[in-house]
Amino acid sequence: MRENLLHFIPELVLIGTILVLFLAAFLASAQQRLFPQIAFVGLLMMLLANYGSRDLPAIHFFSGMVTYDALGHFFKYIFGLVGLMGIIFSHQSAELEKADLPSYYTLIIALILGMVLLATASNLLMIYLSLEMVSVLSYILTGYLRGVRRSSEAALKYVIYGGVASGMMAYGFSLLYGLTGSMDLTTMAQYLGANPASRSLLYVGVLFSMAGFGYKVAAFPFHMWCPDVYEGAPTPFTAILSVGPKAAGFAVLIRFFLTALTHSSASGDFIDFKDTGWPEMIAILSIATMTLGNLTALVQSNIKRLLAYSSIAHAGYMLMGLAALNNEAVRAVLFYLVVYAVMNLGAFLVVIIISNRLGTEQIEDYKGLGHRGSLGLLLAVAMTIFLFSLTGVPPLAGFIGKFYLFGAVVRAGLYPLAIIGVLNSVISLYYYVRVIKLMFFDQPADASPLSLPVVSHSYVVSGLAILTVYFGLFWNGLAALTERSAKLLF
Amino acid sequence: MHFPYLSFMTFFPLVGMLIIGLMPSHRADCIKKVALFTTLPPLVAAIGLLMHFDKANAGLQLFEGPYAWIPAFHIQYYMGVDGLSLVMLLLTALVCPICILASWGIEKSPKGYFALFLLLDSAMMGVFSSLDFFLFYVFWEVMLLPMYFLIGIWGGPRREYAAVKFFLYTLLGSVLMLLVMLAFYFYSDGNTFNLVTLANQQTHLGPLKGEHFRHLCWLGLFIGFAIKIPAFPFHTWLPDAHVEAPTAISVILAAVLLKMGIYGILRICYPILPDATVHFGTLMAVIGVINIVYGALCAMAQKDFKKLIAYSSISHMGFCLLGMSSFTPEGLNGTVLQMFNHGTITAQLFLLVGVIYDRAHHRDLEGFGGMAQIMPRYSAMTAFAFFAALGLPGLSGFVSEVLCFLGGFRSFPIITVISVSGVVLTAAYMLWTYQRVFLGQVNEKYKAFSDITARELTTLIPLVIIVVVLGVYPSYILDLMNPTLVALGKTLTDLKIAGL
Amino acid sequence: MLNMVWLVPILPLIGAFLNGGYSFSGKKLVRPLVHTIACGAILGSFLVTLLTFIHFLGLPSEERSVTVTLFSWLNLTNVKADVAFLIDPLSLVMMMIITGVGSVIHIYSIGYMSHEKSYARYFAYLNLFCFAMLCLVMGSNLLILFVGWEGVGLCSYLLIGFWFHEKKNAVAGMKAFLVNRVGDFAFICGTMLLLWSLVSVGQGTVTYTELKGAVHLLTNQTVMGFPVLTVVTLLFFIGATGKSAQIPLYVWLPDAMAGPTPVSALIHAATMVTAGVYMIARLNFMYSLAPDTMNVVATVGYATAIFAASIGFTQNDIKKVLAYSTVSQLGFMFGAVGVGAYTAGVFHLMTHAFFKACLFLGSGSVIHAMSGEQDMRKMGGLKDHLPITYKTFLLATVAIAGIFPFAGFFSKDEILWHTFNKEPVLWCVGVLAALGTAIYMLRLVAMTFFGACRADEKTKHHIHESPATMTIPLIILAFLSVCGGLLGIPEALGHLVGWEHSNLLESWLEPVFAGPHHEVEAGHTMEYLLMIFSLGVALGGCYLGYTLYTRRQDIPERFVRRFPRLHRLVENKYYVDEIYQKFIVDNLLRLNQWLALFDQKVIDGIVNLTGSITKVGAFISGWFDRVFVDGLVNLSANLTLQGGRGLRLAQTGRIQDYLYVVVAISLLILFWRFS
Amino acid sequence: MATLQSYLMVTAILFGLGLFVVTTRRNAVGVLMGVELILNAASINFVAFAHFRGNDVAGNMFSIFIIVLAAAEAAVALALVISLFRQFGTIDVEEATTLKG
């Protein structure tokens, strides 16, 4: 038991942080600046604790509900860093000015905890619980802007959509449970490997389960909440939403499919049990997701919606990795998640800064940003780096991510998928570049230099931009990390 | 251990870029000077490289690396030159300072312009020196970014359209290349991006499975490179890009960037997929002849001076395709020489168009007339460049065109004979243009135009000298690359004969 | 002396470079400096040529062929070409002509161009031309020949359009270059075919000396069913028709008269246009192996000779008459080489260079005196005003008409004699052409120098004899026109005076043209008869021409009145040819203009036709490019955007629509899976 | 004695009804009830499977958790419905369409 808790320290730290935040809200609710600091420190400690637990052996614990393995360890880093970024982004946000900040930060930390649990869950029940935890907290945070129509509307849509999706998932889980007699992913795999089971029922179960996962990562056809919610939610939270739950969704997708529904071969490839045909399903959903995301992004005029569709498209790229069914693919997805997190958070931070400063989310208003003083230039250059990276142009991190993904797909011999993927990234260029074009090629309506309310934001933007370039050139460390992390405990 | 010429040439411009980045943007003069002096050391290094280069050695040499860059993917930092890349590096090193000089008149945020230009310079050098496919690809793509901004910010009225078109087209080509690159990696022995190792693996005998698959790989690469050449029917980005780009960028685009397509085919398709190359030889020749004739006919129909030159570039790059498709030593030598010569000649043409555009602010061929009386020296320079472009013997263009024809005739007599008609067409549109713009009645509107300035002349004179010298003594360059190309051609010819 | 021979082409090049730079720099013009450089350069190369010639005279005939290699030009696997000069009797003859006549014309230009603003540019071009022409004749291989070949084309372009401020001149230059390029197209193809055919028999080369030993290997080779050598030589000949203004590519030459008159003399009479003849003479070993081509060459040559002569009658522009005369005389030369009489061809080339240069320079002197007037109908009676010009002109006319013992007699007669032996029909054509030549030349002289002056008063007032820089060259050339023929006195005549090897030129050129003499010699008696006959024809022609256009102008007028329907026939002399040509042209272009001037129609016809065809083609392909190739790209871009718009509509904002999508797609997947 | 098949049939119908309700009801509360139906279908499935596997405790546990989470979700959802009513003056989900495209 003591050992189990040792594995659980990062989560415990988060729980502790939540308690401290409660206490602080109770004792010193007037000290508005205190809460982000507590949350920040809590997350830092969680990251430290996670670092400290890096060499622990992989085990299942809590009756097999939760797993400690390299994959989960990796995702804890991602969530911790996303949380840190979220706190920085929320700092002095114009949107959140009137909101209840103590609860906001508490909810953020709880959300992080939920994502951590989701990424480490190894039992259907735990998956359901943690997924609901993330969902419910997300609904609340989406509707956090009181008296703002779009926020409430988005939250309501989100909750209905999420309810249906998780309901379908629960129904799917019930079928899987019925078929295998177990909720533990490893046991399910053992059962499926050894016993006959109805393939069609299994497929129905997988498809309905996919509704829950797909909704978390915003994959077609479970993506439609995404643009509306991104647009309606407070932007700092949108930034977290576009990265955190998506990453958690991929963690659970990887764990679910690769643990319960495949067995691994000696060559590092995973083989689909019983030939259920779910990899084809994933491949088709992946194609549909990226194509739809990219095409719809072409005609957007709101930058948050544009980034929403772009995030859908990126989910499509990453699903491609899942369909490839090999070790490289898992590594590629992990790698892609990291670089996606960096560049997408960067892009959102620029959006937040512009929104705070200019009060606009319209792409048109980015006109001539590069000509508005050194800050404007900095933001425009950073945004350019993020957007080009999202397109996948070397030497930026996004390219390396795509390189890994396409590499895995080519390795798996799925050439049509790869070609559609690269064509999609060409299409995506068009809308990313439109923003860049506006920022540089056009003259601003108001040429006055920009000033920044929060100085630290410009450092963070620069940092993320540099990181994007750095990972594009020297990604060996990150590659090694993902290689280490792409190990599941079966 | 020799001086790392290649790395120096590749990364020195980046140093200049950083320095410019740190300079205050109102010191335009200083920025220009820094830019100029950043492009000169690579030129010196290129000459050093030339001195150090062993002409008798057909293979790659003066290696730098391979150093592990990303061991996880066996990606290396690996550079080296052979006759082929040496010539291209010389061209790039030469054209860059000229372009900086030609950009002296840039007034709109010179800081950004020159910084981006130097980034472009660096990437171009990198492409020509890389021996690792991944490294090559990274440099290849890095070129796109500065190019996009240079056209899009400093270009003409339709610059946005042109820039996006350029970017989309070339990105489309390069993502296909990316896929093939990955296929090479996964299907090669020991999973490598190292171009030398890949070529030595004789993939047509070894690990890359299936003939069909190799043909697909070849086509993927070829489309990627053909867009850059640009080969029919992937060429329509070029006229737009040229028309909108500022003068110096047109120069660099025509003189260096277009060469990368051919270079890529020769560096990657030929050695790594020789059997597929032989299989598609006729395709290349046919595209070549279409480029030549079609480009020339289109050029004749143009009313915009720059568009005309752009189409003439398309036509001239067709000679390269024709020459290289023959696999004969003559054809291959002609191709590479034509790349170099086209670089120097078209650079002049674009510089010259820039001169008149700076004065008249339009490029309508019908809108001039009698300029030879107003600007005699400018007209003389233009006449020289035009005659060089139409392949006048004694100037460099002739040698390479004739070699392309000679080579092409061996393998594709009929196609080549059709191509030779391009010589007549080229002369027709060049002379017709010259007559319309420079000869005949003086257009009173432009009577006050000043003749070509010393700075403008400075950009042209080195190119003129090279064109003359290589026309009279082409062996100077041919000797550099002949061994490399003979070796390359031999593999393919042997395969071709074996295949028959 | 041979190690200095490279100076021959280089000196004019240096001159061109200096004067070109001078012109480019835009510095104040110092005329003496310019023409000293230019004339010094060409005289220098003449001197070197002369010394080389003298040196050669001292060598036994088999040693009179030396290759002077400067450096390797191309050294590839199959194509090896040096920048090298082949000095042998043939190239020496050509060099002598080029530098000699060239020098004379350079000097003449000092006077003729004395008022020209672009004096330095003019001399730079002239020197550059000499350089290119010398490369052409001295080059030791086909590629160097081609360099010179195109080089002279360039200079021709530059000099025809020398007064480019008039669009007409600029267009004429362009036409000359383009028509030549058509010929060059064939030339390049011929070179490629020759080279690769030789490579396939293991003897790939383009060097004359090596070709000579290798071409016989190709006698049995075919390409697409035709003998390789025939195809190659025909392709080369097409190239020659362009450069040497033969049917069908002669159209540029009359227009080329737009250039300054000394240029017409040098380029379009004495040297450049003979390049084709030189080329065939140089490749005689190849042509001799291709009898079919020889027939074509001879036929085209004579056809051109008579055809151009016929046009000579209808022209009123003094230079145009001479231009057609040049075309006609070039036809004789091709006729000569076509029947295998290479020596005769080169001989005529040389004598023609003398008398035609003299005629052109003389006409230049006339034009100079007439303040630029070129229409002969406005001249007349100039013999008293321009005595030296008149006398030299008359001598040259007599020479071209072929009167014994002037130069033209010997060369033309030798051609006709060889032709008679080979093909009597062509001989008849030749004689007719010679008769025509005599008549129209006398017409020219009559209209220009005899009778009353028809110029307006102002012009009349200005008429004056040209300065010494112009008259001295005329005298030199007139002298050569008179005596030049003595270099090739036929052996039949030499025999009469006891001089066995009287044909100096033939024995000089023998090493080059040594080959099987397959002509059947018809014996001296026949030769005498023919000689007397053609002399009679020439004399008759002269008399006729002189009479008809001076004392008895009433005869043609009465003739016209008596036979109105024959009016045009008489006026145009060889109407049959003209109808033939008009028929073609009108079918090609303008059916409604039967009576328009003949050559203009040809020019409009061929050049404009090709021009409009290419323009239409260019337009179509430009359109194609815009609409289809680009259109396809834009279409796919539009489709993509449309797709985006369509998909955007699906995002209605209604949550239940979203749920519909979820349900529908899930059902769809299940159906797809289980059906 | 009811067989597993009959339970599954019932839950399938319930699930379908739930989907039908969520896609057709315009009243937000009604839609939420549809969600409850779906969750109930899953819940009954779990219990049924657990029963036929010898009262497996895991299945029963899952259904209890579903009920708990459904309640939590409903709480949040209803709060949001109220908020929506404040903003839009209606709980008709068709009205809440400002975010689209």
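Only this structure's heavy atoms are used, side chains among them; waters, hydrogens and symmetry mates stay out. In what follows, chains carry the letters A, B, and so on, assigned in the order in which the sequence lines appear, proteins first and then strands, with residues in each chain numbered from 1. Since we're looking at a predicted model, the values are computed, not measured.
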Mind running side-chain contact (heavy atoms from CB on, under 4.5 Å) on B:L172 and A:L423 for me, showing each step along the way?
CA-CA 7 Å; B:L172 176 69; A:L423 290 182; 3.4 Å; yes

Can you see which heavy atom on [X] is nearest to which on [Y], and at what distance?
X	Y	answer
A:D442	B:E160	OD1-OE2, 2.8 Å
A:N476	B:P71	ND2-CD, 2.7 Å
A:L473	B:I70	O-CD1, 3.8 Å

Please round to the nearest 0.5 Å and tell me the distance separating atom [atom1] of [X] and atom [atom2] of [Y].
X	Y	atom1	atom2	result
A:W475	B:F73	CH2	CZ	6.0 Å
A:K437	B:F149	NZ	CZ	12.5 Å
B:L171	A:I427	CG	CD1	11.0 Å
A:K402	B:L182	NZ	CG	13.0 Å
B:L179	A:Y415	CG	OH	10.0 Å

Greatest number of heavy atom pairs closer than 4.5 Å to chain A - which of [options]:
options	value
B:Y137, B:Y185, B:F186, B:W140	B:F186
B:V164, B:L145, B:L216	B:L145
B:G112, B:G152, B:S174, B:A72	B:G152

If you count the non-hydrogen atoms of other residues, nucleotides and ligands that lie under 6.0 Å from OH in A:Y470, is the total more than 12?
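Atom OH in A:Y470 is not crowded, with 12 or fewer foreign heavy atoms closer than 6.0 Å.
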
Are A:V393 and B:F167 close enough that some pair of their side-chain heavy atoms sits under 4.5 Å apart?
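Of all side-chain heavy-atom pairs linking B:F167 with A:V393, at least one is under 4.5 Å.
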
How are the rings of [X] and [Y] set relative to one another: parallel (under 30°), tilted (30 to 60°) or perpendicular (over 60°)?
X	Y	value
A:F388	B:Y148	perpendicular
A:F474	B:W69	perpendicular
A:F403	B:F134	perpendicular

Among the options A:G407, A:G421, A:A480, A:P395, pick out the one with the most heavy-atom pairs lying under 4.5 Å from chain B.
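Option with the greatest count: A:G407.
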
Among A:Y430, A:F399, A:F406, who wins on heavy-atom pairs under 4.5 Å with chain B?
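The answer is A:F399.
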
Residue part contacting chain B, namely of A:I400, when any heavy atom lies under 4.5 Å:
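Interface part for A:I400: side chain.
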
Counting only non-hydrogen atoms closer than 4.5 Å, does B:A163 touch chain A with its backbone (N, CA, C, O), its side chain (CB onward), both, or neither?
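It is the side chain, since no backbone atom gets that close.
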
